[in-house]
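Below is one structure, written out as structure tokens; the observations come after it.
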Amino acid sequence: MLSQNALIDVMNRVNQTTERQLFAAHATLNVIAPKKILTPEGQQRANIPFPSTMEGREERLWIATCLFPDNSFVYFGGADGSFLGIQQLGTARYQLSVRDSLRNMNNIYDINGPGEKPLLRSAVPYEPRSRAWYLNAVSEKRETWSPVFSDYRTKTLAIALSKPVYRQDGELLGVATSSIFLGRLGEFLSTLKVGENGIAFIMEPNGELIASSARDTLFSFNNEQLVRLKAAGGSSPLMRGVAADIQAFFRTHDASARYFNTASVTGIQGKVMVSANMQHDSAGINWIVAAAVPSNDYYGSFTGSVYQTLLFGVMAVAITFLLGFVILRRVLRDLRALTLAATRIGNGEPFTPLEINRNDEIGQLANSFQEMERNLHTDRLTGVLNRESLIAQIEFRLRNASQTNTPLHFALMFIDLDKFKTINDHFGHDEGDKVLIEAAMQLREAMRKDDAVSRFGGDEFMIYLHGVSSTTAADAIAEKIKQFLRRPISGRNGVAYHIDASIGFAIYPEDGLDVETLLRVSDHRMFENKRANRREEMDD
């Protein structure tokens, strides 16, 4: 049972990472080309019109990139042959792609952010209307995933989620797309501890690998044709030995089924435990997530502990039944605490520290659990919540309010640090990181106990303001935040850094009934505030 639970835990971590990658693509695409809005009465209203100008489309792509910086590449291919794309390369580093229809060339620029001056880097021949992502979306007339392809920029496998965009009269405007690079899944799997000799991998139903912890080269080219590596041809004997059975299982079972089995694999001593499930969505993703671990990886480390525990257990029962009862109750209490904590995290509830002070395996498991929670839910640089954790907490509060009929009021505040780029460029990334850490501390100092501060990426932060229900209160808090952020920050060699902030906010439920809408409204208002600040600086 311990071995099975450990394997299931590995599978859950892989599934969560995969779902997060796929969710980012769906959410980003919905920002670029929003779905129809559902009113409280259940009626559909027309979606936000897609911009008809290149400037409007570029602004929409910038908003999507800034809201979801972990996503790899967002772009739009027009029915007229135009193309516009934005890819984030790092902190305040982006790549802008614009197609010159007259020369049939795609101009690629380096740019530091919205409104910054682009620098032409290269130009390559490109016709978006001939690409699989464009053709699939136009043919299906709905949101759909492209086949896996090799991205020529990153030299890794990628997949694109595309959606056709139409005018009000039904005429095709083009295709909006959000692509993700699958190399990130491989990097995650390679860092995952799957026993001493285990393997975790993701493959398509035909056996072609998406990612693997074995660090295999997943593709090659034969006469310019992409050739994908299959699980049956990978370097891991575990993967080769179990892939065929897993494929056969999902050919005859529903996508919601879960595969768990013990098998014998040539070249591996003892039994091999195998677990697999299907990742699928309405846009056409059908991936098999699998893990295989030799039983000896678990049994060898626990057999000695089991015999020792049994011996001391017999002695304890012989000495006193009461002592055994107290120990058993303590063990069950701590295990129950771990189970409840895992349930809360799965529901998106705020995590409360585990009060488990033990020096045995359960204590180590509790410490690992808390460390994993910190890594999953906090930003490593600043120590505040990360984007996914804040969104999960807000969605939990929304669900809880709907179940208890308790009125919920809050505001989401989007903050973009002004003057940070100048400090980062002139004094270096180390000093820039110092400014981000100090800004996060000042934001936490300005907040109340029930509020939450999150870093959304780069120099952008998001704040959840509990109970705030009016623009007057939100404006007052925004001014308070600006006063905190205007405090001088001590830098290298006695230099004092001065920053400011552009702030936008959205109030629930007046400005939106879901997190995506509130994020979009607050981000739009932040951009308006930033433009106003720039006009004031130019007037001064």
side-chain contact (heavy atoms from CB on, under 4.5 Å), that's the test. Do Thr177 and Val74 meet it? Break it down for me.
CA-CA 6 Å; Thr177 306; Val74 294; over 6 Å; no
Give the C-alpha distance, both sets of side-chain angles, the deciding distance and a yes or no for side-chain contact (heavy atoms from CB on, under 4.5 Å) between Ser150 and Phe221.
CA-CA 10 Å; Ser150 172; Phe221 287 94; 3.7 Å; yes
Any side-chain heavy atom of Phe312 sitting closer than 4.5 Å to one from Val314?
no
Taking Trp133 as the fixed residue, which of Phe73, Tyr75, Phe149 is the one that meets the ring-ring contact (aromatic ring centres under 6.0 Å, His included) rule?
Tyr75
Measure across Phe201 and Ile199 and return the closest heavy-atom pair with its distance rounded to 0.1 Å.
CD2-CG1, 4.1 Å
Pairing residues for Phe76 by the ring pair (Phe, Tyr, Trp, His ring centres under 6.0 Å) criterion, not counting sequence neighbours:
Phe50
More than 12 heavy atoms of other residues, nucleotides or ligands under 6.0 Å from NE2 of His26: is that the case?
yes
Could you give the distance from CZ (Phe23) to CD (Gln16), rounded to the nearest 0.5 Å?
14.0 Å
Beyond-backbone contact of Val148 with Glu208, side-chain heavy atoms, under 4.5 angstrom
no
Can you find a heavy atom in the side chain of Ser220 that is under 4.5 Å from one in the side chain of Val227?
yes
Plane angle bin for Tyr508 and Phe410 - parallel if under 30°, tilted between 30 and 60°, otherwise perpendicular:
parallel
His429: ring pair (Phe, Tyr, Trp, His ring centres under 6.0 Å) partners, not counting sequence neighbours
none
Let me confirm one number: the CG-CE distance from Leu238 to Met273, rounded to the nearest 0.5 Å.
11.0 Å
Note: Glu204-Arg228 ion pair, threshold 4.0 Å (strictly below):
yes
List the steps and the verdict of side-chain contact (heavy atoms from CB on, under 4.5 Å) for Ile202 and Leu189.
CA-CA 9 Å; Ile202 305 171; Leu189 293 183; 4.3 Å; yes
Give a yes or no on whether the backbone of Ser235 and the side-chain of Asp216 come within a donor-acceptor separation of less than 3.5 Å.
yes
So which heavy atom on Leu7 is nearest to which on Ser275, and how close?
CD2-CB, 3.8 Å
Can you see which heavy atom on Met11 is nearest to which on Ala290, and at what distance?
SD-C, 3.8 Å
Are Met462 and Arg387 packed together at the side-chain level, in the sense that at least one heavy-atom pair is separated by less than 4.5 angstrom?
no
May I ask you to test the Val515-Leu398 pair for a side-chain heavy-atom distance under 4.5 Å?
yes
With sequence neighbours left out, the residues meeting side chain to side chain donor-acceptor pair (under 3.5 Å) with Asp451 are Arg448
Is a side-chain N or O of Ser389 found less than 3.5 angstrom from the main chain of Asn386, in a donor-acceptor match?
no
Looking at CD of Glu187 and CZ of Arg215, how far apart are the two atoms once the value is rounded to the nearest 0.5 Å?
9.0 Å
Look only at the side chain of Thr18 and the backbone of Val14, and say whether a donor-acceptor pair between them is shorter than 3.5 Å.
yes
Take the angle between the ring planes of His466 and Tyr464 and call it parallel below 30°, perpendicular above 60°, tilted in between.
tilted
Hydrogens and angles aside, do Thr382 and Asp379 bring a side-chain donor and acceptor to less than 3.5 Å of each other?
yes
Just how far is it from atom OG of Ser256 to atom CE of Met278, taken to the nearest 0.5 Å?
10.0 Å
For His280, enumerate each residue passing the ring pair (Phe, Tyr, Trp, His ring centres under 6.0 Å) test, keeping only those at least two apart in sequence or located in another chain.
none
Heavy-atom side-chain contact between Ile159 and Ile285 under 4.5 Å
yes
Does one side chain, of Tyr134 or Asn136, offer a donor that lies under 3.5 Å from an acceptor on the other?
no
If I compare all heavy atoms of Ala506 with all of Asp511, which pair ends up nearest, and what's the gap?
CA-OD2, 3.4 Å
Within the structure provided, determine whether Val272 and Val293 are in side-chain contact (heavy-atom separation under 4.5 Å).
no
Over all heavy atoms of both residues, which pair between Gln279 and Asn15 is shortest? Give the atoms and the distance, please.
NE2-OD1, 3.1 Å
Give a yes or no answer on whether the side chain of Ser146 reaches the backbone of Ala160 with a donor-acceptor pair at less than 3.5 Å.
yes
Hey, are the side chains of Met239 and Leu209 touching, using non-hydrogen atoms and a 4.5 Å cut-off?
yes
Could you list the residues that satisfy side-chain contact (heavy atoms from CB on, under 4.5 Å) with Thr517, not counting sequence neighbours?
Asp514, Arg520, Val521
Spacing of CG belonging to Asp281 relative to CG belonging to Leu161, to within rounding of 0.5 Å:
7.5 Å
Looking at the rings of Phe414 and Phe505, which for Trp means the six-membered one, are their centres under 6.0 Å apart?
no
Any chance you could measure Arg60, atom CZ, to Ile32, atom CD1, to the nearest 0.5 Å?
9.0 Å
Where do Ile288 and Tyr259 land on the side-chain contact (heavy atoms from CB on, under 4.5 Å) test, with the steps shown first?
CA-CA 10 Å; Ile288 298 174; Tyr259 177 86; over 6 Å; no
For residues 239-252, the side chain to side chain donor-acceptor pair (under 3.5 Å) pairs (sequence neighbours left out) are none
